[in-house]
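Everything on this sheet refers to the single structure shown next.
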Number of protein chains: 2
Amino acid sequence: MLTAERKRMILNLLKAEGQVQADKLARRFKVSEDTIRRDLRQLAKEGLLERVHGGALLRPPVCGLYAKREHQSPDAKRAIGAATAALFQRGQTVAIDAGTTPLAVAEALSNTLPLSVVTHSLPVGLALCEHPAVEVLMLGGTLFKQARACAGAETVDAYRRIHADFCVLGLAGLHPEAGATTFDPEEALVKRAMIQNAGAVVAVAAPEKLGTIAPHLLAPADRLTHLVTGPAPEEQLEPFRTLGVNVIVAGAGN
Amino acid sequence: MLTAERKRMILNLLKAEGQVQADKLARRFKVSEDTIRRDLRQLAKEGLLERVHGGALLRPPVCGLYAKREHQSPDAKRAIGAATAALFQRGQTVAIDAGTTPLAVAEALSNTLPLSVVTHSLPVGLALCEHPAVEVLMLGGTLFKQARACAGAETVDAYRRIHADFCVLGLAGLHPEAGATTFDPEEALVKRAMIQNAGAVVAVAAPEKLGTIAPHLLAPADRLTHLVTGPAPEEQLEPFRTLGVNVIVAGAGN
DNA sequence: AATCAATCGGCAAAAACGTGCAGAATCAAG
DNA sequence: CTTGATTCTGCACGTTTTTGCCGATTGATT
């Protein structure tokens, strides 16, 4: 039995049952539990399953509702927001994506730094109404309620006409080989347009997104110029550094 | 049964039933109550449920925004909103202006009435994210922070390309002879564009706006097809009726 | 105040885990 | 076919996680 074949069968079993147990798999494939554990560890690293004590689970459909995610690990997001906001300089144009982490970036923008912000996210726009120095260009389009942001052809078109110095990108999964990915295909179109016309692309992502893969590709990992995330094991960050991405870990020192 | 799987199932049960009890869960999963209590404690720590004596409850939905909105919509505005929302019929396209009174209209839209809404107001768009039936087209443009809405040439241009069955118009002053007026010239441009391409123009205004005049003219009073306001002396309403405006007094009878 | 159930913290046993190492299997040339 | 390098596998050992139980404490109810 080939190792790769065994792994594939584990994934199939997982998809069928929703959950697998290390000891059961060991007996099923007549190998030691250690081997199974190694398999599971590797598959988890590739983001194909979620490793848990005793076995593994199907990766949960992470797409929670906005209200739910809004106040999830607020400190970590604030730290990421602050670290990202520190990248910008007076007078630059910054495109800010929809999502709770990009929103944290908008909320962290310094009150004294004049910027030009472009966004299709309602919460980002609303947050910047309180900001004294930035000038905001809202992009319209069909409203996507779940994301609280505009999408569709109009939005994509509008981004095509704009060159931003920075693009602050939220995403669902980020993997060194699979690249930056997201769940919704419509949102993916918008994000791709944002990336295409931006100078620097800054991905903001909670550490748990690293190494995971969602269905729709936004860009290969080496298209990112910066990755701002939280405290994470070095082996998850290192592949991005190797690709030339400027990796910034926020909230570690404080 | 894997620990992680059990926790996930607890969350699912909670979502389905709204509430779980420690002893019941212990019997259901054939583990001790201590184990369940530990699970609940950990899940609570992650903010996924609210721990209470005897079990756990669904986390109360984040209602910071909601509370704020509630205050912005006292009874008078809610009544105007409801009366205005009653004008619309299935499948129509409604343009909704920026401002707290038009926002009240958006909030009053029936959950079961499919409409197409066009707006340049961020709070209106955000409010309609919670609405199950309406389809929303956001119009972009330069963000006017004070109004929390888009304005400028782009917004005007976008309204020019759209024909709405209704236009819900907020305003600063409404006078039978001076017409509908507002304070900000930029916003006035947008409002004029809204009016120009709309079938019916519904002005929503608190009674104290009646008879007052602001600097920038939007339209003569007889361009209005409806005026929805609160209880007001008949001599203030009568001139509008004479001009052919359909005057609706909301919140009088209840 | 009194009482019973629920809770919390600590403890110990069992299971699962990660790591380093050595033998077996596999593969790419020679 | 043989050789050397690489990968895979199983085992041993120490560590971490999970779980049930116990005693002390807290909370709700009478």
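Chain identifiers are assigned alphabetically (A, B, ...) following the order of the sequence lines, protein sequences preceding nucleic acid strands; residue numbering begins at 1 within each chain. Keep in mind that what you see is a predicted model, and the values were worked out from it rather than measured.
- Annotation: of the two residues near DNA chain C, R41(A) and E33(B), the 5′-most nearest-nucleotide partner is E33(B).
- Atom CZ of R51(B) is separated from atom P of dC8(C) by 5 Å (rounded to the nearest Å).
- Between H226(A) and F166(A), the ring planes are tilted. Angles from 30° to 60° get that label.
- The CG-C1' distance, from L43(B) to dT7(C), rounds to 17 Å in whole Å.
- A sub-4.0 Å separation between OP1 or OP2 of dC11(D) and a side-chain N or O of S32(A) is absent.
- Between L2(B) atom CG and dT17(D) atom P the separation is 16 Å, expressed in whole Å.
- Of the listed nucleotides (dC17(C), dT9(D), dT19(D)), dT19(D) has the atom at the smallest distance from the side chain of R6(B).
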Show your working on side chain to side chain donor-acceptor pair (under 3.5 Å) between K191(A) and T182(A) and close with a plain yes or no.
-> CA-CA 9 Å; K191(A) 287 171 197 275; T182(A) 192; 4.7 Å; no
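- Between the P atom of dC8(D) and the CG atom of L40(A) lies a distance of 15 Å, rounded to the nearest Å.
- Salt-bridge annotation for E17(B) and K24(B): absent, with no side-chain N of the basic residue lying under 4.0 Å from a carboxylate O of the acidic one.
- As a whole-Å value, the separation of D39(A) CG from dG10(D) C1' is 13 Å.
- If you take CD of E5(B) and C1' of dT17(D), they are 17 Å apart, rounded to a whole angstrom.
- Side-chain N or O atoms of S116(A) include none that pairs as donor or acceptor with a backbone N or O of T93(A) at under 3.5 Å.
- T3(B) has a side-chain polar atom (N or O) that falls below the 4.0 Å cut-off from OP1 or OP2 of dT19(D).
- For the pair D34(B) CG and dG10(C) C1', the interatomic distance rounds to 12 Å; values are reported in whole Å.
- Atom CZ of R38(B) is separated from atom P of dA6(C) by 17 Å (rounded to the nearest Å).
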